[in-house]
2 protein chains.
Amino acid sequence: MNTYQERQFDALGDVTRRALVERLRRGPLPVGELAQGLPVSRPAVSQHLRILKEAKLVRDEASGTRRYYSLDPNGFAMLRKYLDNFWGEALEAFQAKVEEK
Amino acid sequence: MNTYQERQFDALGDVTRRALVERLRRGPLPVGELAQGLPVSRPAVSQHLRILKEAKLVRDEASGTRRYYSLDPNGFAMLRKYLDNFWGEALEAFQAKVEEK
DNA sequence: GCTTACGGTAAGTGAATACTTACCAAGAGC
DNA sequence: GCTCTTGGTAAGTATTCACTTACCGTAAGC
């Protein structure tokens with residue numbers, strides 16, 4: 001497991017950050033709207049977005065005074081690749097051991 | 001995202017627990033061997049295993065005084081299902097938005 | 001029955017981390 | 001130029017949570 005994946009799992013290991021990711025499924029949103037409805041302050045959201053960005057799970061793009069965040073397909077692709085490999089390898093090995101009993 | 005997936009992401013959001021899962025890829029192991037080589041104490045490993053078990057990521061099976069832990073294929077299947085759905089939905093929607101620009 | 005091996009649990013501590021308020025920078029509109 | 005909106009950052013606090021030591025229960029072997 002490389003550094004990126006470590007950070008990605010750590011990033012997804014928090015309820016608020018998962019909520020942010022969920023909100024971004026529909027498409028890009030500015031910080032203010034992302035914070036709206038969440039039980040935490042806007043600065044807290046900014047800090048979470050930074051962590052998600054460092055994990056390559058989100059991207060940001062400035063537009064005037066607003067800054068739009070969106071899911072980062074590349075980062076998610078990397079995560080998916082790792083998980084596909086994990087399942088392919090480990091679970092087949094597991095099934096083999098189960099059946100040999 | 002239902003309760004199980006919440007717990008699964010939380011469970012995977014810790015380095016030690018990810019290390020345990022990595023070790024279990026090769027097959028079932030008793031607690032002692034799992035703890036061997038890790039920089040934490042055996043009771044710490046027990047506590048982590050409990051969290052992984054509650055998240056349905058591992059199973060355990062007693063055998064004499066030993067207790068063998070292994071990956072839980074059902075739990076991982078649930079996680080995979082969620083992620084597949086996530087990618088299918090969200091990233092297609094994302095691509096659509098990108099292309100319409 | 002006694003000892004040894006294995007592992008779960010309790011209780012307490014320390015460190016990581018999620019949160020707050022206060023402040024500052026940058027762009028848009030008048 | 002001034003104001004308003006938007007959002008990042010700093011500093012401090014509080015809570016979560018990972019870890020330790022100590023203890024106990026259970027199975028196996030002599």
Practice prompt. Grab the two heavy atoms, one from Ile51(A) and one from Ala11(A), that are nearest each other, plus how far apart they are.
Written response: CG2-CB, 4.1 Å

Quick one: are [X] and [Y] in side-chain contact, heavy atoms under 4.5 Å?
X        : Y        : value
Val21(A) : Phe86(B) : yes
Leu83(A) : Leu79(B) : no
Phe76(A) : Leu57(A) : yes
Arg18(B) : Val15(B) : yes
Arg59(A) : Pro28(A) : no

As an exercise, state the distance from [atom1] of [X] to [atom2] of [Y], rounded to the nearest 0.5 Å.
X        : Y        : atom1 : atom2 : result
Leu20(B) : Leu29(B) : CG    : CG    : 10.0 Å
Gln8(A)  : Lys56(A) : CD    : NZ    : 9.5 Å
Leu71(B) : Leu52(B) : CG    : CG    : 9.5 Å

Worksheet, complete the sentence: Per the under-4.0 Å heavy-atom filter, residues of residues 47-55 of chain A near DNA chain D come out as Gln47(A)

Worksheet entry | Range on DNA chain C touched by chain A, heavy atoms, distance below 4.0 Å | dA18(C) to dA28(C)

Worksheet item: If you measure from the Lys or Arg side-chain nitrogens to the Asp or Glu carboxylate oxygens, is any gap between Arg67(B) and Asp60(B) under 4.0 Å?
Response: yes

Item to complete: Anything under 30° is parallel, anything over 60° is perpendicular, the rest tilted; go ahead and classify Phe9(B) against Tyr82(B).
Response: perpendicular

Name the atoms and distances for all side-chain donor-acceptor pairs under 3.5 Å in residues 30-50 of chain A, with sequence neighbours left out.
residue: Ser41(A); atom: OG; partner: Ala44(A); partner atom: N; Å: 3.4
residue: His48(A); atom: ND1; partner: Arg17(A); partner atom: NH1; Å: 3.1
residue: Arg50(A); atom: NE; partner: Glu54(A); partner atom: OE2; Å: 3.3

Polar atoms only, N or O, under 3.5 Å: list the protein pairs with nucleotides 23-30 of chain D and their distances.
none

Discussion item. Just to be sure I understand the rule, does Tyr69(B) reach a base, reach only the sugar-phosphate, or reach nothing, if contact means heavy atoms closer than 4.0 Å?
Written reply: sugar-phosphate

Discussion item. Can you list everything that forms a side chain to side chain donor-acceptor pair (under 3.5 Å) with Asp14(B)? Sequence neighbours excluded, please.
Written reply: none

Worksheet, complete the sentence: Walking DNA chain C from its 5' end, the first of Pro30(B) and Arg17(A) to be reached, judged by nearest nucleotide, is Pro30(B)

Fill in: Length of the line joining Glu33(A):CD and dT5(D):P, which is rounded to integer Å
16 Å

Discussion item. Let me check the geometry of the helix from dG1(C)-dC30(D) to dC30(C)-dG1(D). What is the bend angle between the axes at its two ends, five pairs each, to 10°?
Written reply: 30°

